[in-house]
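Whatever order the structure lists ligands and atoms in, that order sets their numbers, starting from 1. Because only heavy atoms are used, hydrogens play no part in the values below, and waters and symmetry mates are left out as well, while side chains stay in.
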Amino acid sequence: MTEEPFRTEEDREFGFETRQLHAGQRPDPNTGARAVPIFQTTSYVFEDPESAAAYFNLQEYGNTYSRIMNPTVAVFEERVANLEGGMGAVAFSSGIAAQAAALFTLLQPGDHVVSSGALYGGTVNQFKHLLRKMNVALTWVDPDDPEAWRAAVRPETKAFFAETIGNPSGNVLDIETVATIAHEHRIPLLVDNTFATPYLCRPIDWGADIVIHSATKFIGGHGTSIGGVVVEAGTFDWSNGRFPVIADPSPAYHGLRFHETFGTYGYLMKLRAETLRDLGGALSPFNAFLFLQGLETLSLRMERHVSNALAVASFLRDHELASNVTYPGLPDSRYRPLVEKYLPRGAGAVFSFDCAGGRTGGQDLIRGVTLWSHLANVGDAKSLIIHPASTTHRQLGDEELRAAGVAPGTVRLSVGTESIDDLIWDLRQGFAKVAASDGRA
Ligand SMILES: *Cc1c(COP(=O)(O)O)cnc(C)c1O
């Protein structure tokens with residue numbers, strides 16, 4: 001794969017590490033500020049009535065109100081779009097808001113979505129309940145089975161949805177195969193690339209049409225801010241007959257035909273000018289600034305995240321009190337061929353394993369560690385640990401847990417960028433506590 005070109009006057013193609021620092025920004029022409037300024041403003045003074053009218057008619061592209069666009073947020077959007085190899089992006093106040101808006105823009109009541117069943121828990125809730133309220137039907141499929149995707153397609157299917165690296169068993173999506181099946185049926189493939197980041201995988205290179213991130217995780221990278229972003233490849237034919245909601249005159253924008261009028265930007269324009277305008281989940285300029293800070297070091301952090309994750313996973317695989325280590329980057333993972341194809345730089349840093357001693361074992365491990373933080377998040381530079389049976393899945397009995405793909409002793413890790421010896425030392429402390437109550441000490 002060659003990197004997407006970011007052309008300058010000299011027509012040079014810059015590398016990922018250069019683009020994560022520079023794409024979408026030049027030093028501020030008014031002040032010379034090198035850092036991206038935080039434009040903490042709700043609104044913008046129009047030059048004259050004519051240009052104001054042109055902005056509101058979408059005849060010219062200009063700032064009107066920060067619910068719809070903001071110069072700090074725009075740098076973040078352009079930078080993520082550049083890193084993902086997309087046509088453009090729209091940022092949102094959370095990853096969940098980004099997903100809702102991405103789907104809302106292309107769905108109508110009566111439509112149908114096919115989704116991988118191996119998803120982040122918040123997304124499962126969102127799809128189960130929100131889609132039903134919108135009168136949109138949903139079919140869960142095993143993401144590893146291409147025939148299941150094909151068999152689920154109906155005449156009213158409008159989207160395929162999956163994660164690059166799925167939750168909780170580390171499924172790696174065969175993006176090219178699933179995208180091909182989607183396109184045979186004139187359906188777009190939406191990929192949540194949160195766990196991989198564009199440094200480890202760029203789904204658009206493999207045929208994905210829309211890429212979604214919770215920027216809250218590795219993009220921000222420091223556990224400080226909630227945000228999300230939707231990137232579109234700009235290659236999907238929204239006038240293929242399946243998407244009157246984008247191709248036909250829009251009653252929500254005085255009869256505008258988004259795809260005919262804006263071509264490759266049609267979906268993104270509708271996403272911003274209608275969906276963001278009406279749902280209102282806008283990213284704040286301050287959070288966009290923090291995400292830009294995160295992006296500047298994305299490649300450097302991801303290199304350390306994946307090398308630490310591989311070391312921790314290898315330690316656990318060989319530990320007598322750990323089993324079922326789901327890290328797809330382990331050499332004996334069943335996802336090895338897909339990791340080599342789609343994630344050659346590493347398979348992310350989030351995975352789970354089963355701790356001996358069941359529910360009590362998992363709790364003892366959490367009590368025994370001091371450096372790993374016990375909390376519900378992933379993608380922080382600091383290492384994180386959580387025991388689903390006593391937190392996120394607390395209300396479930398052992399049988400129900402198993403049905404959700406979680407064992408009583410399952411522990412989820414998000415491996416940070418600390419010194420690897422300290423992370424292993426701390427897990428040894430945790431296992432000593434497990435062994436003590438297990439009578440194995
Ligand atoms: C966190 C997360 C989300 C939701 O994002 P928020 O920013 O928490 O709204 C969606 N998908 C994945 C894979 C996530 O990790």
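In this structure W149 satisfies the ring-ring contact (aromatic ring centres under 6.0 Å, His included) test together with F160, sequence neighbours excluded. Applying the side chain to side chain donor-acceptor pair (under 3.5 Å) criterion to H393, with sequence neighbours excluded, gives no partner residue. Listed by chain and number, the residues in a salt bridge (charged side-chain N to carboxylate O under 4.0 Å, His left out) with R67 amount to none (sequence neighbours excluded).
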Evaluate side-chain hydrogen bond (donor to acceptor under 3.5 Å, both in side chains) for S352 paired with Y327, printing each intermediate quantity in order.
CA-CA 7 Å; S352 64; Y327 189 54; over 6 Å; no

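Figure legend: R345 and Y199 shown as a cation-pi pair, the cationic atom lying under 6.0 angstrom from the six-membered ring centre and within 45 degrees of its axis.
Proximity of the aromatic rings of H319 and F431 is defined here by a centroid distance below 6.0 angstrom, and this criterion is met.
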Distances for all N or O pairs of ligand 1 and the protein under 3.5 Å?
from     : atom 1 : to   : atom 2 : distance (Å)
ligand 1 : 5 (O)  : S214 : OG     : 3.0
ligand 1 : 7 (O)  : G95  : N      : 2.9
ligand 1 : 7 (O)  : S214 : OG     : 2.8
ligand 1 : 7 (O)  : T216 : OG1    : 2.6
ligand 1 : 9 (O)  : G95  : N      : 3.1
ligand 1 : 9 (O)  : I96  : N      : 2.9
ligand 1 : 11 (N) : D192 : OD2    : 2.7
ligand 1 : 15 (O) : K217 : NZ     : 2.7

